[in-house]
Student: 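Take a look at the following structure, please.
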Number of protein chains: 2
Amino acid sequence: MKLLSTWVEVPNDSDFSIYNLPFGIFSEDGNQPRAGIAIGLQIIDLAVLAEADLLEVDKHYFLKPFLNDFIGLGKGITSKVRLDIQQLLLNENSRLKDLPEAFVYQKDATMHLPVKIGDYTDFYSSLEHATNVGKMFRDPENALLPNWKHLPVGYHGRASSIVVSGTPVHRPMGQILPKGAEEPFFQASGRLDFELEIGFIVGKSTKLGERITTKNAADHIFGMVLFNDWSARDIQKWEYVPLGPFLGKSFASSMSPWIVTMEALEPFKVPGPEQDPEVLPYLAYEGNHNYDIQLEVGIQPKNAAEKVVSISNFKYMYWNMLQQLAHHTVNGCNVNVGDVMASGTISGKDESSYGSMLELSWGGKKSVQMGDGSERRFIEDHDTVIMRGHAEKGRIRVGFGEVRGTLLPST
Amino acid sequence: MKLLSTWVEVPNDSDFSIYNLPFGIFSEDGNQPRAGIAIGLQIIDLAVLAEADLLEVDKHYFLKPFLNDFIGLGKGITSKVRLDIQQLLLNENSRLKDLPEAFVYQKDATMHLPVKIGDYTDFYSSLEHATNVGKMFRDPENALLPNWKHLPVGYHGRASSIVVSGTPVHRPMGQILPKGAEEPFFQASGRLDFELEIGFIVGKSTKLGERITTKNAADHIFGMVLFNDWSARDIQKWEYVPLGPFLGKSFASSMSPWIVTMEALEPFKVPGPEQDPEVLPYLAYEGNHNYDIQLEVGIQPKNAAEKVVSISNFKYMYWNMLQQLAHHTVNGCNVNVGDVMASGTISGKDESSYGSMLELSWGGKKSVQMGDGSERRFIEDHDTVIMRGHAEKGRIRVGFGEVRGTLLPST
């Protein structure tokens, strides 16, 4: 890949390099939320560029509080907007240099959810995570259920409670059956967890009855975000049979604000794991569709330094996004622009790469050390959980920024 | 209740009596979908009434393709609109009589989904249904799982694939593990089922972190619809552990087009079943909150007469809607106007009142006779499934009309 350089200041370790240019929704000074692209420490206001005739898209697409309509224009147009901006940032004589009003510092902006989410689906596609959970809760010898290697297990999640990075989350109350008790109690969750995930944003809708194949699935994926699928393990444990997780998850999920496009992530494709047994033909695929994205999770106790508790990688996923989308629609289920589909917890093989406290503390049996000497089995009130992700190749870096959320006490 | 009479012709057995006046979205002659109220065989075009200054709501609320914004005005306003129209229909000298353009015959109109559905939740609140399923698939002696009588079990469903009555539904393809097989096959579902349900439409939004109590839950419920939660039992059986139903449900759910308001259903409240063990305080409630709504399901084979296969009643529900909403939000999960929450299959005590083919055929072991001499264990291609519901007290009848869907072959 050719090295590019821009006249805008971009720190060397910035996730938002000239190779990235992710889309998001921002506001500043109480102005209406609108579309932007991140570069270095700044945001480019797309409506200002459109107004100045630097883009071939009408500015009203950029003055909406969600990117759905813009994304719905299709990759032919959204890719061109991104590449046009890349050219403007490369060109030393760019007309963009005469538009200081197009730039806002990220530190001065408020970020919002980038899309209006219609439906949210959560998969369960990490072999290591599913195996760990199976070992803890079922049979260590037969940790995986019989269907797991035949289909990307997933379930419908709650779309309404997805919040943008930075939004505090309250510890949920709920029904819990304490160990040894005969009857459930109503109390605050005592096993509050994060789940390290990546979500993708659907970029092209289908009609009810249409199937997306693994061959054309890439057309339907606009980009990706970091995703923290907060989980209350004790609420989940009591409620989840037989219909799956419900209130143990629906109190909140947090999402990073910048959608990193599939084009920006293209250089970081790697082969996925071998799938044995062989998958059914509708799940077969060609080429490399895993992504080498380095991930980390930090916990920052109140008034203490952050401690990184997990270092994982998106390349570990057993089921890739093409397979997830092909499976999701093989029954004719329709998808819409702005739908979010998350990976499920991304755990690697060794302990330091587990993507949840449930696994890091092995069901609460082991403690995880914090920088201030305190210990965690699960997340405590006033802890901030921070997830970061980036891909890197030589001097080329494309990152997600972070998804961050502070846990507040129950109310 | 006082007997009312209107100058509009209403057949004696009409679901859409002067006591009902449900809201829906209709179009005719290719015009844009807009809001209406059903009376007898006709629809009243609310925008025409607003334009003529007969209603205290601006007509733009009625010219939208969904009722969400109107419903969001709150019950103070939506109830008044309904009562104002009732007065116009009672008054022999009504100005509405001079507005023939406000009336459209239902037979000339196309009905649409009445609301833009944000999130869809499906409960599992019939004791008889949960017991039947538990007997078939788990342990006849311990049919109910330990949590069932402590909380209204529910799960998130797919909102995008909810369709309005009349929309044909294709038999889904999917992964199925045939009896005795070691590996799954990709094939059309062979155990296609209906589920007789009633859904309620959320009428008032909450913010993330807010709880709805059983005391104020009624404020948040705008009205109800009939709901057919189509299910592919063989797909569901293979996929559903451990995260719940997914593709076995998400190919389609059908909804009746007219939202019957809670005000119209008020006279039909009845006590619910005794709940033993006693529920936790957040699920306790006062008063009568079950509804005596007679329900039936018919199957009409192609070119043959319809056969009624189930006669049930909504009053059988173990968990009522107030409890469902209090439970759903007890963890702080937010709800939005237009969210749909369905009851789960409504089965009664005896066989003739079971709300699914799974139960009527007892897992496919018994056949159900059709009028044309054919037999059904599950739904066959080109069968039409019709669900109807109404409440009745003396000469007062308030009904839902029907939700109807024809099953087409897989593609």
Side-chain angles (χ1 to χ4, degrees), chain A residues 118-122 124 133 137-138 145-147 150-151 153-161 163 167 170 172-175 177 183-186 189 208-209 211 232 235 238-248 250-252 277 280-282 327-328 330-336 339 411, chain B residues 118-122 124 133 137-138 145-147 150-151 153-161 163 167 170 172-175 177 183-186 189 208-209 211 232 235 238-248 250-252 277 280-282 327-328 330-336 339 411:
Chain A
D119 279 288
Y120 156 49
T121 302
D122 197 23
Y124 188 56
V133 172
F137 292 122
R138 284 179 296 268
L145 286 165
N147 58 12
H150 291 283
L151 55 84
V153 168
Y155 68 105
H156 308 295
R158 181 82 190 174
S160 71
S161 54
V163 297
T167 311
H170 283 277
M173 304 285 294
Q175 277 199 33
L177 186 74
E183 303 275 314
F185 289 80
F186 180 66
S189 170
L208 194 63
R211 271 175 218 135
I235 294 174
W238 169 237
E239 74 174 359
Y240 92 105
V241 281
L243 301 182
F246 186 45
L247 302 191
S250 65
F251 58 98
L280 282 164
Y282 81 93
H327 183 64
H328 203 315
V330 77
N331 69 344
C333 178
N334 55 330
V335 300
N336 288 308
D339 287 352
T411 55
Chain B
D119 279 288
Y120 155 49
T121 302
D122 198 24
Y124 188 56
V133 172
F137 292 120
R138 283 179 296 268
L145 286 165
N147 58 12
H150 292 283
L151 55 84
V153 168
Y155 68 105
H156 308 295
R158 180 83 192 173
S160 72
S161 55
V163 297
T167 311
H170 283 277
M173 303 286 294
Q175 277 199 34
L177 187 74
E183 303 276 313
F185 290 79
F186 180 67
S189 169
L208 194 63
R211 273 176 216 134
I235 294 173
W238 171 236
E239 73 175 0
Y240 92 105
V241 281
L243 301 182
F246 186 45
L247 302 191
S250 65
F251 58 98
L280 283 164
Y282 81 93
H327 183 63
H328 203 316
V330 79
N331 69 344
C333 178
N334 55 331
V335 300
N336 289 306
D339 287 352
T411 55

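Residue numbering restarts at 1 for every chain, and letters A, B, ... go by the order of the sequence lines.
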Student: Kindly compute the distance separating CG (B:Asn147) from OH (A:Tyr240), expressed to the nearest 0.5 Å.
Tutor: 10.5 Å

Student: Give the minimum heavy-atom separation between B:Trp238 and A:Leu151, together with the two atoms involved.
Tutor: NE1-CD2, 3.6 Å

Student: At a 4.5 Å cut-off on heavy atoms, which part of A:Asp339 comes close to chain B: side chain, backbone, both, or neither?
Tutor: side chain

Student: If you tally heavy-atom pairs under 4.5 Å against chain A, which of B:Gly118, B:Pro172, B:Pro184 wins?
Tutor: B:Pro184

Student: So what's closer than 4.5 Å to chain A heavy atoms on B:His150: side chain, backbone, both or neither?
Tutor: both

Student: With only heavy atoms counted, which part of B:Phe185 is less than 4.5 Å from chain A, the side chain, the backbone, both or neither?
Tutor: backbone

Student: Is the closest side-chain heavy-atom distance between A:Phe137 and B:Pro242 below 4.5 Å?
Tutor: no

Student: Shorter than 4.5 Å, heavy atoms on both sides: which option in A:Ala252, A:Gly154, A:Gly174 has the most such pairs with chain B?
Tutor: A:Gly154

Student: Given a strict heavy-atom distance threshold of 4.5 Å, which part of A:Ser189 is in contact with chain B: side chain, backbone, both, or neither?
Tutor: neither

Student: Given heavy-atom pairs under 4.5 angstrom as the criterion, report whether the side chain, backbone, both or neither of B:Val335 touches chain A.
Tutor: both

Student: Select, from A:His327, A:Glu239, A:His170, the one with the greatest count of heavy-atom pairs under 4.5 Å involving chain B.
Tutor: A:His327

Student: When the aromatic ring centroids of A:Phe186 and B:Tyr282 are compared, is their separation below 6.0 Å?
Tutor: yes

Student: Answer with side chain, backbone, both or neither: which region of B:Leu247 has an atom nearer than 4.5 Å to a non-hydrogen atom of chain A?
Tutor: both

Student: Any non-hydrogen side-chain atom of B:Glu183 less than 4.5 Å from a side-chain atom of A:Leu280?
Tutor: no

Student: Select, from A:Pro146, A:Pro281, A:Gly332, the one with the greatest count of heavy-atom pairs under 4.5 Å involving chain B.
Tutor: A:Pro146

Student: So what's closer than 4.5 Å to chain B heavy atoms on A:Leu145: side chain, backbone, both or neither?
Tutor: side chain

Student: Between A:Thr411 and B:Arg211, what is the shortest heavy-atom contact and its length?
Tutor: O-NH2, 2.7 Å

Student: Side chain, backbone, both or neither: which part of B:Thr167 has a non-hydrogen atom closer than 4.5 Å to chain A?
Tutor: neither

Student: Taking B:Asn334 for its side chain and A:Ser160 for its backbone only, find out whether a donor-acceptor pair lies under 3.5 Å.
Tutor: yes

Student: Look at the aromatic rings of B:Phe246 and A:His156 and report parallel, tilted or perpendicular, splitting at 30° and 60°.
Tutor: tilted

Student: Which heavy atom of A:Leu208 sits nearest to which heavy atom of B:Phe251, and what is that distance?
Tutor: CD1-O, 3.4 Å

Student: Heavy-atom pairs under 4.5 Å with chain B - which of A:Ser161, A:Gly244, A:Gly209, A:Ser250 has more of them than the others?
Tutor: A:Ser250

Student: Contact between B:Val330 and A:Gln175 at the side-chain level, heavy atoms closer than 4.5 Å - yes or no?
Tutor: no

Student: Heavy atoms only, distances under 4.5 angstrom: which of A:Pro277, A:Ala159, A:Gly248, A:Ala232 has the most pairs with chain B? Name it, please.
Tutor: A:Ala159

